[in-house]
Number of protein chains: 2
Amino acid sequence: MATTEPIPDADRPGRTGFLLARAGGRAIRSLNRALEPFGLRSRHYTVLSASAARGGLSQRELGEILGVDPSAVVALVDDLERAGLVRRDPHPDDRRTRLVVVTAAGQVTLAETRELARRVDDGLLAALTPTERATLETLLERLTDPS
Amino acid sequence: MATTEPIPDADRPGRTGFLLARAGGRAIRSLNRALEPFGLRSRHYTVLSASAARGGLSQRELGEILGVDPSAVVALVDDLERAGLVRRDPHPDDRRTRLVVVTAAGQVTLAETRELARRVDDGLLAALTPTERATLETLLERLTDPS
DNA sequence: TATTGTTATACTCTATAACTATA
DNA sequence: TATAGTTATAGAGTATAACAATA
């Protein structure tokens with residue numbers, strides 16, 4: 001069966017998008033597995049991490065950062081609030097918006113899960129040198145944040 | 001260390017995985033939208049493209065390439081077969097396996113959708129120079145195919 | 001015994017529309 | 001009129017286990 005010849009790269013439109021999708025899927029699944037003991041999933045970690053980093057974000061802002069629909073943010077914050085990891089505080093200037101703030105318990109969980117996330121990334125990117133890894137991250141940032 | 005201070009940009013564990021997931025999600029959604037007129041989705045295109053490139057693949061091989069569960073491959077090939085774009089041919093040496101082969105109609109659809117995929121990739125990667133784009137692709141290949 | 005494909009199933013994720021309360 | 005959040009819902013994606021046919 002002569003089906004294993006290499007395919008010329010020029011003949012693979014959509015290949016970069018496919019590689020991104022496959023790598024992204026693996027990243028999500030790896031982190032989901034690692035977070036299982038905490039009853040959390042990748043998205044929960046990202047909400048927690050982003051909220052802590054910015055010291056309180058509106059759900060709209062979270063949705064933009066995550067690239068997720070506002071209705072999905074509601075469900076994620078519901079989960080985290082039920083687990084006592086975040087609060088929904090009133091916004092000082094706008095009574096429509098609610099600031100998602102990480103609680104003390106959330107900070108503890110975040111510290112623990114950060115270690116897991118670091119290890120998951122290390123695993124995913126094990127084939128790259130530190131320099132290459134930094135290059136990849138820079139290119140990915142530029143992809144989605146052109147300015 | 002106070003627990004409420006913002007996290008510096010350099011210290012965001014899981015950030016690369018997150019960027020991969022976000023970029024991958026955008027790639028999938030963009031291609032899905034572009035393929036809508038054909039009644040196909042990203043995964044269908046990838047199955048079609050991979051099968052054509054290798055001149056017939058078993059469903060197990062497709063699953064490995066796509067990073068998808070065998071049961072999901074069944075559904076994808078069902079869709080494509082129903083649309084007349086692929087056939088399931090018997091494997092000459094192993095009566096358990098079925099080779100997914102692109103039909104003449106499938107080749108036509110593939111030619112048309114390749115153009116779409118190319119344009120979707122161009123849009124996603126518009127912020128990068130050709131050299132950077134090649135670098136990104138190389139790094140992504142190394143991520144998931146270390147050898 | 002192990003593997004390929006298949007079915008069934010349950011759960012997660014994504015996207016949309018409609019609603020409320022505010023602005 | 002427009003925006004932030006919410007609810008409900010349907011469709012797509014993912015993962016698992018169990019099974020028949022074949023190796």
What N/O pairs connect the protein and nucleotides 21-23 of chain D at under 3.5 Å? Give each pair on its own line.
unit_1 : atom_1 : unit_2  : atom_2 : d
D:dA23 : OP1    : B:Arg95 : N      : 2.9

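Taking 4.5 Å as the limit, every side-chain heavy atom of A:Val86 sits out of range of all side-chain heavy atoms of A:Val101. The side-chain heavy atoms of B:Phe18 and A:Asp121, taken from C-beta on, include no pair separated by under 4.5 Å. Considering only heavy atoms from C-beta on, A:Tyr45 stays 4.5 Å or farther from A:Leu116 through its side chain. Taking 4.5 Å as the limit, every side-chain heavy atom of A:Thr16 sits out of range of all side-chain heavy atoms of B:Leu124. Side-chain atoms of B:Val47 and B:Arg43, non-hydrogen and from C-beta on, never get closer than 4.5 Å to each other.
Each of A:Gly25 and A:Glu61 has a nearest nucleotide on DNA chain D; the 5'-most of these lies closest to A:Glu61. Remark on DNA chain C: of its neighbouring residues B:Ser58 and A:Asn32, the 5'-side contact belongs to B:Ser58, judged by nearest-heavy-atom nucleotide. With DNA chain C read from its 5' end, the first of the two nearest nucleotides for A:Val68 and B:Val74 is the one closest to B:Val74.
Atom CG in A:Asp78 sits roughly 7 Å away from atom P in D:dT7 (whole-Å rounding). Protein atom CZ of B:Arg98 is 17 Å distant from nucleotide atom P of D:dA20, rounded to whole Å. When the C1' atom of D:dG13 is taken as reference, atom CZ of A:Arg22 falls 17 Å away, rounded to whole Å. D:dT6 atom P lies 13 Å from atom CG of A:Asp69, rounded to whole Å.
Taking only side-chain nitrogens and oxygens, A:Arg29 comes nearer than 4.0 Å to OP1 or OP2 of D:dA15.
Chain B approaches DNA chain C within less than 4.0 angstrom (heavy atoms of the protein), and the contacting nucleotides run 5' to 3' from C:dT3 to C:dA15.
In this structure a side-chain-to-backbone donor-acceptor pair under 3.5 Å is missing from A:Glu141 to A:Thr138. B:Ser42 places a side-chain N or O within 3.5 Å of a backbone atom of B:Ile28 that can act as its donor or acceptor partner.
With respect to B:Glu81 and B:Arg87, no salt bridge is recorded, no charged nitrogen being found less than 4.0 Å from a carboxylate O. Classification of A:Glu132 and B:Arg142 as a salt-bridged pair holds, one side-chain N sitting under 4.0 Å from a carboxylate O.
Residues of residues 33-44 of chain B that place a heavy atom closer than 4.0 Å to DNA chain D, in numerical order, are B:Arg41, B:Arg43.
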Please report the C-alpha distance between A:Leu57 and A:Leu99 in whole Å, then the side-chain angles of each, then the deciding distance to 0.1 Å, and finally whether the side-chain contact (heavy atoms from CB on, under 4.5 Å) criterion is met.
-> CA-CA 5 Å; A:Leu57 283 170; A:Leu99 291 178; 5.8 Å; no
What do the steps show when you test B:Thr97 against B:Asp94 for side-chain contact (heavy atoms from CB on, under 4.5 Å), and what is the final call?
-> CA-CA 6 Å; B:Thr97 77; B:Asp94 186 339; 3.7 Å; yes
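Within the nucleic acid shown, A:Ser71 comes within 4.0 Å of at least one base atom, counting heavy atoms only.
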